[in-house]
Amino acid sequence: MPPFGSGLLVLTAPLAALPRRAAAALAAAAGVVAGPLYVHLQPGLRLAAPAPRPAAPPACPALLRALAALYAAAAAQRGLDLRVLLGPGRLARPPRVLLAAAAEAPGPPGPVELGLQHLAAAAYGCPPRLPALLLGGAEDGAGGAEEDPEEDAEEDPGAALPDFSDVAVGGTFDRLHGAHRFLLSACCLLAQRRLLAGVADGDLLRHKVLMELIEPYELRAAKLREFLEDVKPSLHYDIVPLADPYGPSVTDPDLQCLVVSEETRRGGEAVNKKRLENGLPELALYEILLMKDPDHSQNEEEKISSSSLRQRLLGTLLRPPRQDPALPSRPYVIGLTGGTGSGKTSIAKLLGHLGAFLIDADKLGHTVYVPGRPAYEQVVAAFGAEILNEDGTINRKVLGAKVFGNQERMKSLTDIVWPEMARMVKEQVGEAHAQGKAVCVLDAAVLLEAGWQDMVHEVWTAIIPEEEAVKRIMARDGLSEEAARRRLQSQMTNSQRVEQSQVVLCTLWEVDVTRKQVEKAWVLLQQRLSQEKSL
C-alpha cells in the first residue's frame with residue numbers, strides 16, 4: 001500500500017510534452033499515493049525560483065490533449081483516483097504529500113521542495129510544511145528518449161477553445177473513470193458560469209450491461225460533485241437525475257452548449273430538435289473523442305467504459321463476508337443462488353471441478369416429499385390427498401399448481417419444507433467436513449427467500465438480463481413468453497439478490513468467459529481463506 005493517502009503532483013513540462021510523459025509520471029506517483037492524486041499543470045514554472053506563483057494554463061487544444069493523455073495513463077494504474085486541477089481552490093481531501101518530476105525541477109532539492117510547499121499553500125490552502133518529494137524516472141514515457149525541442153514547443157498561443165456561459169452534459173457516470181473525467185474536464189474548460197450534469201437513473205438504466213452493479217444515484221451524484229468542485233471550484237454545478245434521454249437540456253433557456261462524444265452526437269441532435277420544437281435556440285454541440293482501453297478483454301468494449309469496469313467486478317468480493325461466530329470455519333460454505341435461467345447450475349458444476357463439495361438443494365427438495373420423510377405427512381395434511389399419485393407419492397406438478405400465485409398457500413408449503421431442507425443441508429455440510437473438504441457450495445435457488453444465508457459464509461449470485469432469461473426458459477421448458485415472464489416475476493429480482501451478495505457472476509457471454517469468472521472467484525476465495533488461516 002502506498003504510504004500517502006492523497007497527493008499533489010506538480011507538472012511543469014510543456015503541454016505538448018505531456019502526452020508522452022504522462023504514463024511514466026503517473027506510474028511513479030502511483031507508487032507513492034493511494035489516491036486521490038491531484039495534478040497541477042504549470043508549464044514552464046521554475047519551482048526553485050523564489051515564491052513561484054500559480055496560474056492555470058490557458059484553455060486550448062493542447063491542454064485538452066494533455067488531459068486526455070493523463071486520464072488515459074491513469075487508467076493503466078488500476079484504482080488511481082486522478083484529478084487534474086483547472087483552477088485554484090480548497091480540495092475535498094487535502095494532499096498529504098507534494099510531488100514533482102525530478103527532470104522538470106533542476107537545481108538543489110531544498111529550493112524545489114520549498115517551491116512546491118509555497119505553490120500548494122498559495123493555490124490550494126495546503127499546510128506550509130507538507131512533505132515534498134522529487135520523483136525519478138518520470139521524465140519521459142518512452143523510457144528516457146532524448147528531448148525533442150520542436151515536439152515540446154507550445155502551439156500558437158492564440159489558439160483557444162470556445163467558451164460558453166452555461167454548458168450541459170449527460171451520462172450514467174458509474175464508477176467515475178478516466179473517460180468520464182476527461183469529458184467532465186472538457187466541460188469545465190468550456191463553461192464560464194455553470195455546468196448542468198444530468199445523471200441517468202430509473203428506466204434509463206434498464207438496458208445497461210450489468211445494471212444491477214451500477215452504483216446508486218446518490219453515490220454517483222456525490223462522487224461527480226466532489227470531482228467537479230475539486231477540478232474547477234469557480235463554476236456553479238447543477239447535478240440532476242435524468243428519467244428520460246433529454247432532461248432539462250430541452251427546456252433550459254440559459255444553456256448554450258452540449259458536450260457529446262462520437263457515440264452521443266445523435267442524441268445531441270435529438271436534443272436540438274426538441275429545443276426547436278419548444279421555441280428555444282439550438283445548442284452548440286462540442287464533440288470529444290472516445291478514449292481507447294488498451295486492457296479490454298474479448299467481451300468488453302474497446303473504449304474505456306463503465307460496463308467494462310462492472311464486468312471486471314464479476315467474481316470479486318463486493319462486500320465483506322459475514323462474521324458469524326456460530327459458523328464453523330471449516331468447511332467454508334458458499335451459498336450459490338440465482339433466478340431461473342441464470343446459469344447457476346453450470347457455475348456450480350465449474351466450482352465442483354475446482355474442488356468444492358456440492359450440495360444440490362433442488363435434489364434435497366425432491367427428497368423432502370418422499371413418503372416416510374418428516375415433511376411428507378404434513379404436506380399431505382395441508383394440501384389434501386388430491387396431490388398424491390396412485391402409488392402414494394406427491395405429484396409436485398399438482399402441488400405446484402395449488403400454490404403458484406397464492407402467497408398464503410406458498411408460505412404454508414415453505415414453512416413445512418424449508419426447515420426440513422435446512423436440516424438436510426447441515427447434514428451434508430457435516431459430510432463435507434468428514435471428507436476433509438475446505439469449501440462447500442450450497443446450490444440453492446431459494447437461498448435468500450428461505451433465510452439460509454445464516455448457514456453460509458458468503459452468498460454468490462448468478463445473474464442474467466431478464467430478456468436473456470426469458471429466452472432460456474422458453475427454450476428449456478417449452479413455455480410461452482408470457483409464462484416465462486410470469487415465472488421470473490414470481491421470484492426475487494437480480495437487484496434484490498445482488499444487494500445481499502458478496503460475489504456476483506454472470507453467464508451472459510460465452511462458456512469460456514463464465515469459466516474465467518468462476519476461476520477468478522475461486523482464486524480470490526483461496527486467497528481469503530489463506531489470509532484467514534494466517535491470522
Please list, chain by chain and in numerical order, all residues satisfying salt bridge (Lys or Arg N to Asp or Glu O under 4.0 Å) with Glu262, sequence neighbours excluded. none
Could you tell me the separation between the CG atom of Leu184 and the CG atom of Leu224, rounded to the nearest 0.5 Å? 5.5 Å
Salt-bridge present (Asp81, Lys223; N to O < 4.0 Å): no
Do Gln192 and Phe164 have side-chain heavy atoms sitting under 4.5 Å apart? no
Closest non-hydrogen atoms of Leu505 and Ala521, given as atom of the first, atom of the second and distance, are CD2-CB, 4.3 Å
Gln42 side chain reached by Leu11 side chain, heavy atoms, under 4.5 Å: no
Leu82: which of Leu26, Val33, Leu9 passes side chain to side chain contact (heavy atoms under 4.5 Å, CB included): Leu26
Does any part of the side chain of Leu189, heavy atoms only, come nearer than 4.5 Å to the side chain of Ser185, both counted from C-beta? no
Side-chain (Lys208) to main-chain (Ser306) donor-acceptor, under 3.5 angstrom: no
If you take all heavy atoms of Gly31 and Pro3, which pair is closest and at what distance? O-CD, 4.0 Å
Can you name the nearest heavy-atom pair linking Leu18 to Ala69, along with the distance? O-CB, 4.4 Å
Under 4.0 Å between a Lys/Arg side-chain N and an Asp/Glu carboxylate O for Asp293 and Arg312? yes
For the atom pair CG (Leu289) and NZ (Lys303), what is the distance rounded to the nearest 0.5 Å? 13.0 Å
Value rounded to 0.5 Å, distance of CZ in Arg129 from CG in Leu114: 10.5 Å
Beyond-backbone contact of Thr507 with Arg472, side-chain heavy atoms, under 4.5 angstrom: yes
Say whether, by atom type as modelled, one donor and one acceptor occur between the side chain of Arg193 and the main chain of Asp166 under 3.5 angstrom. no
Less than 4.5 Å apart, side chain to side chain, heavy atoms only: is that true for Leu196 and Val240? yes
Take Glu301 and Ser307 through the side chain to side chain donor-acceptor pair (under 3.5 Å) test and state the conclusion after the steps. CA-CA 8 Å; Glu301 296 185 84; Ser307 64; 2.7 Å; yes
Show, in sequence, the C-alpha distance, side-chain angles and deciding distance for Ile463 and Leu210, and conclude whether the side chain to side chain contact (heavy atoms under 4.5 Å, CB included) test is met. CA-CA 8 Å; Ile463 62 173; Leu210 299 171; 3.9 Å; yes
So if I apply the salt bridge (Lys or Arg N to Asp or Glu O under 4.0 Å) rule between Glu226 and each of Arg90, Arg93, Arg181, which one comes out positive? Arg93
Donor-acceptor pair, distance only, cut-off 3.5 Å: does the side chain of Ser6 make one with the backbone of Pro94? yes
Is Thr12 reaching over with its side chain to a backbone N or O of Pro43, donor-acceptor style, under 3.5 angstrom? no
Please answer whether the main-chain N or O of Glu263 pairs with a side-chain N or O of Ser261 as donor and acceptor at a distance below 3.5 Å. yes
Any salt bridge between Lys471 and Glu467, counting N to O under 4.0 Å? no
Val97 and Leu8: CA distance, side-chain angles, deciding distance, side chain to side chain contact (heavy atoms under 4.5 Å, CB included) verdict: CA-CA 6 Å; Val97 65; Leu8 174 66; over 6 Å; no
Nearest heavy-atom approach of Leu161 to Tyr286 is CD2-OH, 3.5 Å
Measure the shortest side-chain to side-chain distance between Val513 and Val511 over non-hydrogen atoms and say whether it is less than 4.5 angstrom. no
If I compare all heavy atoms of Ser342 with all of Ile464, which pair ends up nearest, and what's the gap? CA-CG2, 3.9 Å
Salt bridge (Lys or Arg N to Asp or Glu O under 4.0 Å) evaluation trace for Arg206 with Glu466: CA-CA 10 Å; Arg206 284 189 61 195; Glu466 181 179 320; 5.2 Å; no
Could you go step by step and tell me if Asp238 and Arg225 meet the salt bridge (Lys or Arg N to Asp or Glu O under 4.0 Å) rule? CA-CA 9 Å; Asp238 283 339; Arg225 182 172 295 281; 5.9 Å; no
Between Glu113 and Gly110, is there a donor-acceptor pair closer than 3.5 Å when you use the side chain of the first and the backbone of the second? no
Has the side chain of Lys520 got a donor or acceptor atom that lies under 3.5 Å from a matching backbone atom of Gly315? no
Find the distance between NE2 (His180) and OG (Ser305) and round it off to the nearest 0.5 Å. 8.5 Å
Should Val503 and Thr316 count as side-chain neighbours, where that means a heavy-atom distance under 4.5 Å? no
Output for pair (Leu317 CG, Gln527 CD), nearest 0.5 Å, gives 11.0 Å
Lys/Arg N to Asp/Glu carboxylate O, Arg310 vs Glu212, below 4.0 Å: no
Polar side-chain atom of Gln256 near backbone of Ser165 as donor-acceptor pair, under 3.5 Å: yes
Stepwise, does the side chain to side chain contact (heavy atoms under 4.5 Å, CB included) test hold for Tyr38 with Val84? CA-CA 6 Å; Tyr38 301 103; Val84 184; over 6 Å; no
Can you name the nearest heavy-atom pair linking Pro2 to Ala34, along with the distance? CB-N, 3.7 Å
Output yes when a side-chain donor or acceptor of Glu215 lies under 3.5 Å from a complementary backbone atom of Arg175, and no otherwise. yes
Do the rings of His40 and Tyr124 sit parallel, tilted or perpendicular, given the 30° and 60° boundaries? perpendicular
When rounded to the nearest 0.5 angstrom, what is the spacing between SG in Cys187 and CZ in Phe182? 10.0 Å
Would you say the side-chain atoms of Gln502 pair up with the backbone N or O of Val459, donor to acceptor, closer than 3.5 Å? yes
Checking side chain to side chain contact (heavy atoms under 4.5 Å, CB included) for the pair Leu525/Tyr332: CA distance, chi angles, key distance, verdict? CA-CA 10 Å; Leu525 172 63; Tyr332 196 82; 3.7 Å; yes
Does Glu287 form a salt bridge (Lys or Arg N to Asp or Glu O under 4.0 Å) with Arg265? I'd like the steps, not just the answer. CA-CA 7 Å; Glu287 183 179 320; Arg265 171 171 275 279; 2.6 Å; yes
Would you indicate whether the side-chain heavy atoms of Leu183 and Phe173 approach each other to under 4.5 Å? yes
